[in-house]
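Have a look at the structure below before the remarks.
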Protein chains: 2
Amino acid sequence: MNAVGIRQVAEHAGVSPGTVSNVLNRPEKVSASTRARVEASIRELGFVRHGSASTLRAGHSKTVGLSVIDIGNPFFTDVTAGVEDVASDRGYAVILSNSAGSRSKEERNLLVLAEQRVRGVLITPSDEDPEPLDRLRERGINVVLVDHPAHRADQCSVAVNDVTGGQTAVAHLLSGGAARLAYVTGPLSIRQCLDRRTGAERALRGRPLRVLEMPAMTPRAGQQAAEKLLSEGDPPDAVFCANDLLALGMLRGLLHAGVRVPDDVALIGYDDIDFAAASAVSLTSIRQPTYQLGRVATELLLDECDNPGTHAHQQIMFQPELVVRESTR
Amino acid sequence: MNAVGIRQVAEHAGVSPGTVSNVLNRPEKVSASTRARVEASIRELGFVRHGSASTLRAGHSKTVGLSVIDIGNPFFTDVTAGVEDVASDRGYAVILSNSAGSRSKEERNLLVLAEQRVRGVLITPSDEDPEPLDRLRERGINVVLVDHPAHRADQCSVAVNDVTGGQTAVAHLLSGGAARLAYVTGPLSIRQCLDRRTGAERALRGRPLRVLEMPAMTPRAGQQAAEKLLSEGDPPDAVFCANDLLALGMLRGLLHAGVRVPDDVALIGYDDIDFAAASAVSLTSIRQPTYQLGRVATELLLDECDNPGTHAHQQIMFQPELVVRESTR
DNA sequence: AGGGAGTTCTAAAACGTTTCAATGCAGATC
DNA sequence: GATCTGCATTGAAACGTTTTAGAACTCCCT
């Protein structure tokens with residue numbers, strides 16, 4: 001087993017445990033020669049610091065938690081990549097947990113994170129209730145909201161303007177000559193879906209919008225939505241999907257039924273995931289700075305952790321961007 | 001701050017800290033009445049166990065590490081889902097780390113896991129070197145290989161037979177009348193890519209196979225491969241891609257150039273990710289029991305952790321399965 | 001020679017749990 | 001009433017670090 005602790009290293013190097021700790025945590029406090037000796041011993045004995053002992057004594061760990069809604073959605077994997085890159089650069093480890101849209105799972109995950117005494121938590125909340133997050137804060141765990149505006153002023157958040165995004169999407173469809181629009185969305189209890197609809201309506205200025213609310217935001221649901229739209233009379237000539245997974249399913253459903261895209265129906269998605277550009281009729285979409293979202297959120301969180309005195313809370317709102325491809329040309 | 005520890009709970013409930021610990025860890029040792037009293041105090045004070053202190057004293061944590069090669073690949077997100085479900089059921093937390101194909105990143109991540117004193121590690125290794133894994137084992141951290149056969153007999157692994165998979169794929173293409181085959185793959189230093197080629201060659205029994213090795217396994221790389229194949233003379237009439245991301249890019253590249261799929265070129269991918277069924281020409285693919293892979297690997301690992309005495313090491317090999325869709329019909 | 005200022009290192013006390021031997025107590029047996 | 005048995009609870013030690021006050025040493029100045 002791994003019986004080599006700071007104590008053994010100290011003995012091997014002929015110094016006290018305290019000095020070894022200094023080499024580990026404040027190398028500048030130790031003379032070059034002893035430091036070299038200690039470092040050699042560490043390598044030779046294969047010493048690995050006991051993170052728990054360290055956390056226990058120091059009172060805080062070098063880990064942050066990341067809680068996402070659906071790790072299967074490329075949007076969140078991109079965010080995750082951004083988080084990991086920054087955290088890893090600054091010597092923090094990331095504990096990733098997936099709430100899979102379930103509130104109870106999210107709460108259990110947050111409890112685990114609290115037990116691990118993570119330094120902070122990055123979270124895309126699965127609902128609007130601020131209570132679990134406030135509880136974390138009471139315990140001294142910093143919280144940054146990802147893809148969701150902050151509930152309160154003394155909290156950081158990084159989000160993208162979904163109202164603008166919805167508006168841009170629909171304005172683009174209208175400028176292409178669309179007249180009968182449909183919005184295919186996931187549950188409207190999800191803030192993102194709701195905001196995008198609000199944006200869509202704003203662009204329409206009172207003209208009608210057919211809203212089709214699906215229970216999930218997956219390709220399968222998108223395809224079912226296509227079947228539904230086509231089976232009812234008066235099919236739309238333009239469809240705005242609340243995310244690219246829905247849009248890809250919609251695309252497949254339309255093509256399968258012999259509907260030409262974009263000639264018969266123009267189609268626009270949301271998120272601009274990789275697969276959007278790679279689909280057979282490449283998908284027009286609303287791009288979000290996904291990777292940046294993760295990066296910036298993590299930078300805010302770690303700043304809050306490392307400089308609690310000078311840290312200024314920020315609510316950052318990015319603007320989404322239209323990416324035109326074949327599905328609306 | 002969170003100054004409420006087991007000590008405060010004990011005081012509040014009028015018992016000793018040892019009893020509180022027993023309520024937490026072996027509730028059956030405590031009489032029903034005191035247990036109820038202690039549990040009430042825990043709730044009332046909002047006590048959260050300090051995981052580090054617990055790990056330090058107990059010598060082991062309730063966490064496992066999961067190290068994957070590319071969290072952006074739906075194959076690995078599916079595996080992750082399986083891992084999470086089992087771990088969560090058994091009270092373990094999962095620390096997810098992404099090696100992004102980089103050996104040095106993998107090593108850094110494993111070090112973090114070792115520092116955290118995870119109980120075990122699930123890993124899809126990014127290369128063939130068993131040394132980092134052996135080092136973990138020396139430190140008493142159990143290791144289960146995922147999607148990779150074990151290096152040694154006293155180690156668990158869960159994999160899928162990639163040679164059979166490659167053979168099945170190419171046999172299917174041949175039975176559809178294909179004569180000029182190409183294999184589009186990622187780096188052949190990756191075992192999976194290599195094995196699938198071996199299987200392909202086995203099905204071909206000496207007939208020629210054009211191998212196109214791309215540096216990445218992404219849709220973009222697949223599209224580039226399509227351009228390359230079409231620009232050279234004598235294009236293939238059937239293409240086998242080493243994964244679905246490549247295949248989706250290939251599909252787009254082919255369609256874009258006016259090549260009909262499957263009429264002009266039959267196409268088969270590997271992994272059967274969700275997007276394979278949702279693409280415009282739905283993709284024939286080799287399905288792997290991805291979610292099961294994660295589940296079974298985790299069950300093996302936790303069995304090894306919880307019953308070190310009776311645990312029998314197993315090297316499990318699943319068989320892949322052909323899923324025929326439009327791209328080869 | 002004595003003493004002050006730096007520098008480098010040490011010793012010992014925490015951190016919050018778990019564990020285990022020991023204690024106390026109630027009921028059963030003689 | 002004395003002794004035993006078994007159960008519920010306690011108290012204190014231990015886990016491997018970090019941290020802090022201060023010891024030991026060196027160098028330099030008067």
Side-chain angles (χ1 to χ4, degrees), chain A residues 1-39 41-42 45-63 91 112 114-119 139-140, chain B residues 1-39 41-42 45-63 91 112 114-119 139-140:
Chain A
M1 270 303 210
N2 183 21
V4 36
I6 220 176
R7 213 180 185 77
Q8 283 70 35
V9 174
E11 198 170 332
H12 186 272
V15 297
S16 81
T19 301
V20 178
S21 174
N22 280 335
V23 170
L24 255 31
N25 301 304
R26 330 193 208 11
E28 76 283 359
K29 293 269 165 204
V30 176
S31 76
S33 67
T34 38
R35 185 183 351 162
R37 202 148 31 94
V38 170
E39 278 165 351
S41 296
I42 287 178
L45 299 179
F47 165 77
V48 176
R49 171 217 249 101
H50 196 307
S52 301
S54 163
T55 298
L56 172 58
R57 175 62 236 232
H60 55 82
S61 69
K62 278 291 216 177
T63 55
V112 170
E115 284 194 353
Q116 296 295 310
R117 292 302 193 272
V118 293
R119 200 69 186 282
R139 298 209 174 99
Chain B
M1 267 308 208
N2 181 24
V4 37
I6 220 175
R7 214 181 185 76
Q8 283 70 36
V9 174
E11 199 170 334
H12 185 273
V15 297
S16 81
T19 300
V20 178
S21 174
N22 280 335
V23 170
L24 255 30
N25 302 305
R26 328 183 191 33
E28 76 284 358
K29 293 268 165 202
V30 176
S31 76
S33 68
T34 38
R35 185 180 353 163
R37 201 148 32 93
V38 170
E39 278 166 352
S41 298
I42 287 178
L45 299 179
F47 165 77
V48 175
R49 172 216 248 100
H50 196 307
S52 301
S54 162
T55 298
L56 172 58
R57 176 60 236 231
H60 55 83
S61 68
K62 278 291 216 176
T63 56
V112 170
E115 285 192 354
Q116 296 295 311
R117 292 303 192 270
V118 294
R119 200 67 186 283
R139 298 207 174 100

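Worth knowing before you read on, the calculation uses all heavy atoms, side chains too, and leaves out hydrogens, waters and symmetry mates. Letters go in sequence order (proteins before strands), and every chain restarts at 1. Computed from a predicted structure; not experimentally measured.
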Check: A/Thr19 side chain, A/Val15 main-chain N or O, donor-acceptor pair, under 3.5 Å: no

Whole-Å distance separating the CZ atom of A/Arg117 from the P atom of C/dT17: 7 Å

Under 3.5 Å donor-acceptor, A/Arg26 side chain and A/Val23 backbone: no

Separation of D/dT20 P from A/Arg26 CZ (nearest whole Å): 7 Å

Table of protein N/O atoms under 3.5 Å from nucleotides 4-12 of chain D N/O atoms:
from	atom 1	to	atom 2	distance (Å)
D/dT9	OP1	B/Ser31	OG	3.2
D/dT9	OP1	B/Thr34	OG1	2.9
D/dT9	OP2	B/Ser31	N	3.1
D/dT9	OP2	B/Thr34	OG1	3.1
D/dT10	OP2	B/Ser16	N	2.9
D/dT10	OP2	B/Ser16	OG	3.2
D/dT10	OP2	B/Thr19	OG1	2.6

For B/Ser31, side-chain contact (heavy atoms from CB on, under 4.5 Å) partners two or more places apart: B/Ser33, B/Thr34

B/Arg117 backbone acceptor or donor facing B/Ser61 side chain under 3.5 Å: yes

Nucleotide nearest B/Asn25 when distance is taken to its side chain, options D/dT18, C/dT17, C/dT18: C/dT18

Heavy-atom side-chain contact between B/Val30 and B/Val38 under 4.5 Å: no

Contact check, side chains of A/Arg49 and A/Leu24, non-hydrogen atoms, under 4.5 Å: yes

A/Arg7 and A/Glu11, any side-chain heavy atoms less than 4.5 Å apart: no

Spacing between B/Gln8 atom CD and C/dC15 atom P, to the nearest angstrom: 11 Å

Gap between atoms CG and P, on A/Leu45 and D/dG16 respectively (whole Å): 15 Å

Rounded interatomic separation in angstrom, taking CG from A/Leu56 and P from C/dT17: 9 Å

Degree of bending in the helix from C/dA1-D/dT30 to C/dC30-D/dG1 once both end axes are built from five pairs, to 10°: 60°

Donor/acceptor link under 3.5 angstrom from B/Arg57 side chain onto base of C/dT17: no

Toward the 5' end of DNA chain D, by each residue's nearest nucleotide, A/Ala53 or A/His60: A/Ala53

Distance in angstrom units between A/Arg7 CZ and C/dT10 C1', rounded: 13 Å

B/Ser41 side chain to B/Arg37 backbone, donor-acceptor under 3.5 Å: yes

Distance in angstrom units between B/Ile42 CD1 and C/dT17 P, rounded: 10 Å

Distance in angstrom units between A/Phe47 CZ and D/dT17 C1', rounded: 8 Å

Sugar-phosphate, base or nothing in reach of B/Ser21, heavy atoms under 4.0 Å: base

B/Ser54 side-chain N/O to B/His50 backbone N/O, donor-acceptor pair under 3.5 Å: no

